[in-house]
Amino acid sequence: MSHEIIKEKLVQKGAEASLYRGLWFGKEVIFKHRVPKKYRSEKLDKDIRTARTLKEARALIKIKNFRINVPQVYEIDAKNSMIVMKYIKGEKLKDLMFKLDIKKKRKYFKTIGKYIAILHKNGQIHGDITTSNIIITPNEKIFLIDFGLHDYSDSIEDKSVDLHLFKRVLISSHGKDFKSCFNAFLEGYREEHDNSELIECNKIIKNITVIETRGRYVKKEDRL
Amino acid sequence: MKLDKKLCLGIESTAHTFGVGIVDFDGNVYGVMNDIYIPIKGGLHPVLIKEQHLDNFMDTIKKALSEANCSIKDINLIAFSQSPGLGPSLKIGAIVARMLSQLLKIPIVGVNHCIAHVEIGRLMCNIEDPLTLYVSGGNTIVSAYESGRYQIFGETLDLPIGNMLDSFARDLGLSHPGGPKIEQLARESNNYISLPYVVKGMDLSFSGLYTAAKRLVESNQYEKTYDLNDVVNSLQETAFAMLTEVTERALAHTEKKEVLLTGGVAANKRLQEMIEYICNEHDARFEVVPLKFAGDNGVMIGWTGILRYKVEGGHDISETIIKPKERMDKITIPWRS
Ligand SMILES: Nc1ncnc2c1ncn2[C@@H]1O[C@H](COP(=O)(O)OP(=O)(O)OP(=O)(O)O)[C@@H](O)[C@H]1O
Ligand SMILES: Nc1ncnc2c1ncn2[C@@H]1O[C@H](COP(=O)(O)OP(=O)(O)OP(=O)(O)O)[C@@H](O)[C@H]1O
């Protein structure tokens with residue numbers, strides 16, 4: 001059986017995991033291996049890696065049921081904190097940001113907004129929405145990846161934080177297009193909410209500003 | 001004193017430190033003096049801090065000048081911390097700076113405190129373009145230069161790390177600042193008890209961790225299956241692992257090749273060790289800002305004032321109002337673009 005599983009080469013060393021491309025019973029796959037981090041205590045390290053591997057795998061399986069593209073999971077090895085998933089051919093949005101015209105970008109961001117809205121309406125928090133965690137395929141399908149920080153929640157706060165993280169990545173890494181892209185994203189996000197959900201949706205969006213003023217400089221008299 | 005050098009007097013006054021630094025336009029430091037408000041009991045009280053600053057500022061300036069072996073007349077530029085921080089503290093610094101600038105008829109420059117932490121680190125560590133982890137009593141920020149600004153990639157969603165450590169230490173009856181004591185106690189334990197670990201993208205949250213650690217001390221298992229050192233060690237391990245994870249994520253995202261650790265908490269050896277580890281993993285150079293310049297000080301304000309002054313000249317007095325909430329990513333950095 002082992003000859004059916006071939007880890008070919010390391011394609012990326014992410015912050016959390018090492019990603020290998022390879023073959024799994026003839027299918028092109030990614031092996032996402034959460035490697036031990038020796039800087040932290042062994043127990044904490046093991047806990048984090050196992051929890052996130054399971055979290056990510058469960059999220060990928062669950063989210064497949066919605067109208068959102070995420071890689072198919074083929075195998076989970078919680079003990080070694082590894083997931084085998086479908087290899088998505090395409091380019092990271094982060095790299096495409098330098099190549100696409102603004103019209104294309106806005107189109108993609110609007111769709112991404114819709115996707116995140118679908119997740120949120122189903123009580124799913126991505127947890128790490130960035131332009132590195134979105135892959136666009138050659139036929140323009142948009143895939144969400146990296147669900148290691150995924151969480152279940154219906155709270156406005158958690159959803160706002162999710163949007164806030166994305167907003168900040170856009171500001172810090174793609175400042176030039178930030179306004180236009182983020183507005184398109186919010187447009188898509190709003191559109192996916194029907195009338196009865198709009199109040200909630202607006203609360204979520206409004207709360208982003210509240211979060212932004214919070215993490216800043218917490219006045220000493222306001223601290224614990 | 002060699003009068004051929006142009007000198008800047010920098011005033012740091014964002015919180016409990018009233019700091020004065022004297023530095024020349026090439027980055028040579030001649031005088032550093034700090035007057036630090038230390039609470040006898042409880043936390044930091046802005047009004048008491050302000051009173052101490054008012055009582056001592058003259059003396060602190062004089063001491064710095066005498067260390068630099070120069071007179072106030074040798075100063076060519078005044079820089080002061082304009083943002084962010086406690087209103088009452090910021091005001092004292094601004095008033096003193098305006099007064100000196102007008103009396104001596106020399107230019108004045110307002111400086112953002114967080115940017116100053118990065119700039120003094122770049123100068124002292126001779127580092128070009130770092131990803132900076134800035135951890136102190138008032139701030140927890142992962143920042144790097146991108147498109148003309150010091151962008152914020154990650155930050156705390158609630159408590160700053162130093163404040164969390166100080167508060168926990170205070171609850172245990174330890175004196176302020178608690179950070180160094182926590183480091184000592186943690187060294188006495190190898191036991192790790194699971195505590196809430198909350199990382200969201202490149203942001204972090206410490207309030208759940210703080211509450212849970214307090215609960216461990218109040219639990220009936222306390223001093224039976226674990227002791228104080230174990231709790232403190234677990235708190236520190238969890239908090240620092242979170243900081244290290246977001247720093248690593250930002251490093252992978254920005255692809256910077258240098259990492260700078262600064263702020264008062266940078267003194268912690270365990271944190272240094274953890275950050276150094278990920279730097280090795282990513283082939284990035286690792287530098288800790290020398291302790292004298294990692295905590296709040298006037299030199300960092302003076303040096304950052306010089307950088308801005310060289311490109312843009314001084315500020316008009318009307319531009320010197322304090323901005324207690326100004327974020328570092330709102331400010332353009334003309335000397336790097
Ligand atoms: N299924 C996949 N198909 C194709 N490429 C993938 C796939 N999964 C991951 N990648 C690539 O590997 C990179 C890192 O993956 P991922 O974000 O899952 O790892 P990580 O270590 O959790 O990252 P982070 O640095 O955000 O913590 C992605 O940016 C992407 O380029
Ligand atoms: N060895 C250490 N381990 C952990 N924390 C430490 C250590 N030494 C100092 N600290 C913490 O550093 C903080 C003081 O930092 P600093 O001198 O930068 O002043 P600050 O006013 O808190 O900073 P800022 O105004 O930049 O937010 C305190 O919270 C203190 O407990």
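Residue numbers start from 1 in every chain, and the chains themselves are labelled A, B, ... in the order their sequence lines are given, proteins ahead of strands.
- With chain A as partner, the option from B:M328, B:Q151, B:E281, B:E326 having the largest number of non-hydrogen pairs under 4.5 angstrom is B:Q151.
- For A:E16, the part lying near chain B is the side chain, with the backbone staying farther off; criterion is any non-hydrogen pair under 4.5 Å.
- Atom CG of A:L165 sits about 13.5 Å away from atom CZ of B:F153, to the nearest 0.5 Å.
- For A:K203, the NZ atom counts as loosely surrounded, since its 6.0 Å shell holds 12 or fewer non-hydrogen atoms of other residues, nucleotides or ligands.
- Between A:K176 and B:S147, every side-chain heavy-atom pair lies at or beyond the 4.5 Å cut-off.
- Looking at A:V161 and B:D203, their side chains never come closer than 4.5 Å, going by heavy atoms from C-beta outward.
- Residue B:I275 does not touch chain A at all, counting heavy-atom pairs closer than 4.5 Å.
- Residue contact with chain A, scored on non-hydrogen atoms closer than 4.5 Å, involves the side chain of B:R270 exclusively.
- Residues A:S173 and B:E146 fail the side-chain proximity criterion, which asks for heavy atoms closer than 4.5 Å.
- A 4.5 Å side-chain heavy-atom check between B:E248 and A:Y39 finds at least one atom pair inside the cut-off.
- When heavy atoms are compared at a cutoff of 4.5 Å, A:H164 approaches chain B solely by way of its side chain, counted from C-beta outward.
- The heavy-atom pair separating B:S194 from A:D47 by the smallest distance is OG-OD2, 3.4 Å.
- Here the CZ atom belonging to A:R40 is positioned 11.0 Å from the OG1 atom belonging to B:T238, to the nearest 0.5 angstrom.
- What you find for A:K38 and B:Y277 is that their closest heavy atoms are CB-OH, 3.2 Å.
- At a 4.5 Å heavy-atom cutoff, the contact between A:I171 and chain B is made by backbone and side-chain atoms alike.
- No other option in B:S234, B:G154, B:A144 has as many heavy-atom pairs under 4.5 Å with chain A as B:G154.
- B:R249 has its side chain within reach of A:L149: a pair of non-hydrogen atoms, C-beta onward, lies under 4.5 Å apart.
- Remark: B:K91 NZ is loosely packed, at most 12 non-hydrogen atoms of other residues, nucleotides or ligands lying under 6.0 Å away.
- Open room surrounds NZ on A:K89; 12 or fewer heavy atoms of other groups in view lie less than 6.0 Å from it.
- Within a 6.0 Å sphere centred on NZ of A:K64, other residues, nucleotides and ligands contribute more than 12 heavy atoms.
- When the shell of 6.0 Å around NZ of B:K50 is examined, it contains 12 or fewer heavy atoms from other residues, nucleotides or ligands.
- Rounding to the nearest 0.5 Å gives a distance of 12.0 Å between OG of A:S41 and CD of B:Q236.
- Interface residue B:E237: backbone and side-chain heavy atoms are both found under 4.5 Å from chain A.
- A heavy-atom distance below 4.5 Å is not found between the side chains of B:H282 and A:K13.
- Here the side chains of B:E155 and A:R168 are in contact, with some heavy-atom distance below 4.5 Å.
- Classification of A:K37 and B:E245 as a salt-bridged pair fails, no side-chain N sitting under 4.0 Å from a carboxylate O.
- Heavy-atom contacts from other residues, nucleotides or ligands closer than 6.0 Å to NZ of A:K62 number 12 or fewer.
- For A:K94, the NZ atom sits in a packed shell: over 12 heavy atoms of surrounding residues, nucleotides or ligands are nearer than 6.0 Å.
- In this structure, B:N190 CG and A:E42 CD are separated by 11.5 Å, a value rounded to the nearest 0.5 Å.
- Interface remark: B:Y197 contributes side-chain atoms only to the contact with chain A (heavy atom separation under 4.5 Å).
- Within the 4.5 Å cutoff, the side chain of B:K200 has heavy atoms near those of the A:D158 side chain.
- With a 6.0 Å radius and a threshold of 12 heavy atoms from other residues, nucleotides or ligands, A:K179 has its NZ atom at or below the threshold.
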